[in-house]
Amino acid sequence: MAISRRSFLIGAGSIGVGAAAVGGYLLSRDGKILFDDKTYAMPITTDYTLPEQVDVAVIGGGLAGIITALELAQKGISVAVFEKGKVAAEQSSRAFGWVSSAGDLGPTLALSHQSKDFWHKINQRIEADTSYRMIGSTTFLLTDEQIAEQEQWIKQAKQEADIDAKIITGAKLKERLGGPTATDWKAAIYQETDGGLEPPIAGPTLAEYARSIGVKIYQDCAVRGIETSGGKVSAVVTEKGTVLCDAAVVAGGMWSRRFLGNLDISIPQLGLFSSVQSVKADKPGPLGVGSAGNAAWRQQVDGEYSVSYVSPMSPIVPDSFKLFPEFFGTLLDYFDTVDLDLSNDFIKTAQMATSWDNDEMTPFEKLRVFNIRADERKLEESVRHMEEEFQNMAGAKVTKKWGGYIDATPDSVPIIDEVDAIPGLFICTGFSGHGLAMIPAASKLTADLIAGDQPMVDPSHYALARFSA
Ligand SMILES: Cc1cc2nc3c(=O)[nH]c(=O)nc-3n(C[C@H](O)[C@H](O)[C@H](O)COP(=O)(O)OP(=O)(O)OC[C@H]3O[C@@H](n4cnc5c(N)ncnc54)[C@H](O)[C@@H]3O)c2cc1C
């Protein structure tokens with residue numbers, strides 16, 4: 001069984017939190033997390049009257065846009081976030097909920113490690129419950145080869161950051177397994193400082209906090225394009241009017257490539273499809289977030305488990321052909337973990353406009369929230385695997401299933417940069433299935449670049465120019 005260098009969905013812990021801790025308005029009386037079936041994310045208050053001018057306009061109200069806005073506002077910069085649908089209703093609410101630095105090295109470790117401090121302190125900082133819990137991550141290991149591979153990662157990662165990952169055996173291993181298992185696991189890699197969160201809650205809670213400190217958030221308000229003056233960004237054009245600004249940040253998740261393409265800026269970004277489900281078991285299973293073979297889980301705050309599989313699927317769409325040279329290396333790297341699928345998405349994305357004028361309706365207004373069916377077969381396999389492996393989970397009932405698109409770059413490293421050709425236009429996108437873990441530091445970096453402040457991580461790793469080289 002091969003454990004990929006960095007799986008798209010994985011990271012690994014204990015919950016011990018009562019459902020009430022997430023704030024009564026989100027939970028049903030029996031402690032179940034409430035989802036909105038259309039948007040998945042907790043609804044937030046929206047602003048309506050567009051401002052004439054702001055310092056910075058943020059395009060996209062996912063976690064990247066919201067945390068960037070929050071960081072800018074804390075610097076005293078005026079910000080408005082424009083979201084074509086609902087805040088955090090795409091990737092940011094459909095995620096599995098791992099917040100982990102497992103397997104990261106170099107540019108991704110720099111961001112996921114720095115982001116931990118944000119998550120560990122956030123509930124206190126904003127005096128609200130984002131649902132983040134430091135519940136630790138565990139990946140169970142069966143062979144000496146797997147243990148050696150993880151020891152090698154720990155050694156390399158410790159040269160770069162003060163990580164707390166270690167190999168566990170014996171009583172600690174037994175505790176993390178949470179009960180009897182089918183497999184006689186030899187060891188596990190464990191990181192106590194990793195954690196998990198409820199995606200439908202975290203983004204909207206941060207958005208409400210951002211509003212409370214002055215950020216304006218406009219929902220159902222797509223940005224069609226930008227205007228420039230003397231070559232520099234001077235405004236964003238939304239479907240509801242034009243807002244003057246000194247800088248704009250493209251934090252559009254999987255739509256970033258389409259938005260920037262209309263400005264003749266090409267970013268390599270492909271969608272990977274993944275599915276997650278919530279299951280309810282009578283007895284508690286493994287602790288925290290983790291993976292065992294092909295199944296991955298996260299203990300939810302309401303006592304259920306999020307369960308998924310390790311490999312995402314890459315639908316073959318028109319961009320797959322255009323971007324083949326850029327993604328070829330990645331697909332080889334992840335050959336055993338990424339499935340390829342020629343699906344309906346080909347037709348859907350082929351029909352979407354790739355260029356438009358700012359006075360025309362755009363794809364962003366035509367598709368407010370990208371809803372994707374869950375992959376029933378893979379989800380069934382993963383829940384069966386959990387039931388067989390973790391005997392306390394036998395008879396677990398599926399309570400919810402959902403799918404989502406992951407925006408991936410060829411090197412799985414996000415793009416955080418100012419566009420050379422258009423000063424004032426910044427990009428913060430391409431989190432490659434790892435955004436919950438990396439976005440706090442990535443957004444801080446984006447805000448520092450905009451404000452001209454000393455960044456805490458080296459920005460050159462995230463430059464767009466790395467792809468042309
Ligand atoms: C199934 C699944 C499981 C995942 N599991 C994990 C995990 O366990 N751990 C982890 O770290 N990461 C995970 N991820 C990845 C993580 O969810 C993403 O990396 C992260 O949410 C990306 O945030 P974002 O703000 O960049 O994008 P998004 O959340 O997609 O937000 C982008 C927003 O921009 C808006 N937008 C786009 N264009 C425009 C426009 N022109 N005008 C206005 N608005 C616009 C969109 O409507 C969208 O709301 C998972 C993702 C999926 C899909």
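These numbers come from the heavy atoms of this one structure, side chains and all, not from hydrogens, waters or symmetry mates. Numbers here simply count residues along the sequence, with the first being 1. Remember, it's 1-based here, ligands and their atoms both numbered in the order they're listed.
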Hey, is Arg94 one of the residues with a heavy atom under 4.0 angstrom from ligand 1?
-> yes
Could you tell me the separation between the OG1 atom of Thr242 and the CD1 atom of Ile226, rounded to the nearest 0.5 Å?
-> 12.0 Å
Consider ligand 1: state whether an atom of it lies below 4.0 angstrom from any non-hydrogen atom of Ile439.
-> yes
So the atoms of ligand 1 within less than 4.0 Å of a heavy atom of Phe82 turn out to be 43 (C), 44 (N)
Check each atom of ligand 1 against the heavy atoms of Phe259 and keep those under 4.0 Å away; list them by number with element.
-> 41 (N)
Looking at Tyr48 versus Tyr218, is the centre-to-centre ring distance below 6.0 Å?
-> no
Do Phe390 and Trp297 have ring centroids that are under 6.0 Å from one another?
-> yes
Test side-chain contact (heavy atoms from CB on, under 4.5 Å) applied to Phe426 and Val233, step by step | CA-CA 10 Å; Phe426 291 80; Val233 168; over 6 Å; no
Only heavy atoms count here, so choose which of Trp255, Phe370, Trp402 is nearest to atom 38 (N) of ligand 1.
-> Trp255
Below 4.0 angstrom from a heavy atom of Phe96, which ligand 1 atoms are there? Numbered from 1 as shown, please.
-> 3 (C), 4 (C), 5 (N), 6 (C), 8 (O)
Count the heavy atoms of every other residue, nucleotide or ligand shown that sit under 6.0 Å from NZ of Lys232, and state whether that count exceeds 12.
-> no
Pair Phe364 + Trp356: ring centers closer than 6.0 Å = yes
Counting heavy atoms only, which of Ala95, Gly433, Ser443, Cys221 comes nearest to atom 12 (N) of ligand 1?
-> Gly433
Going by the atom numbers of ligand 1, which of them fall below 4.0 Å from some non-hydrogen atom of Ala222?
-> 42 (N), 43 (C)
Report yes or no: does a heavy atom of Thr429 sit under 4.0 Å from some atom of ligand 1?
-> no
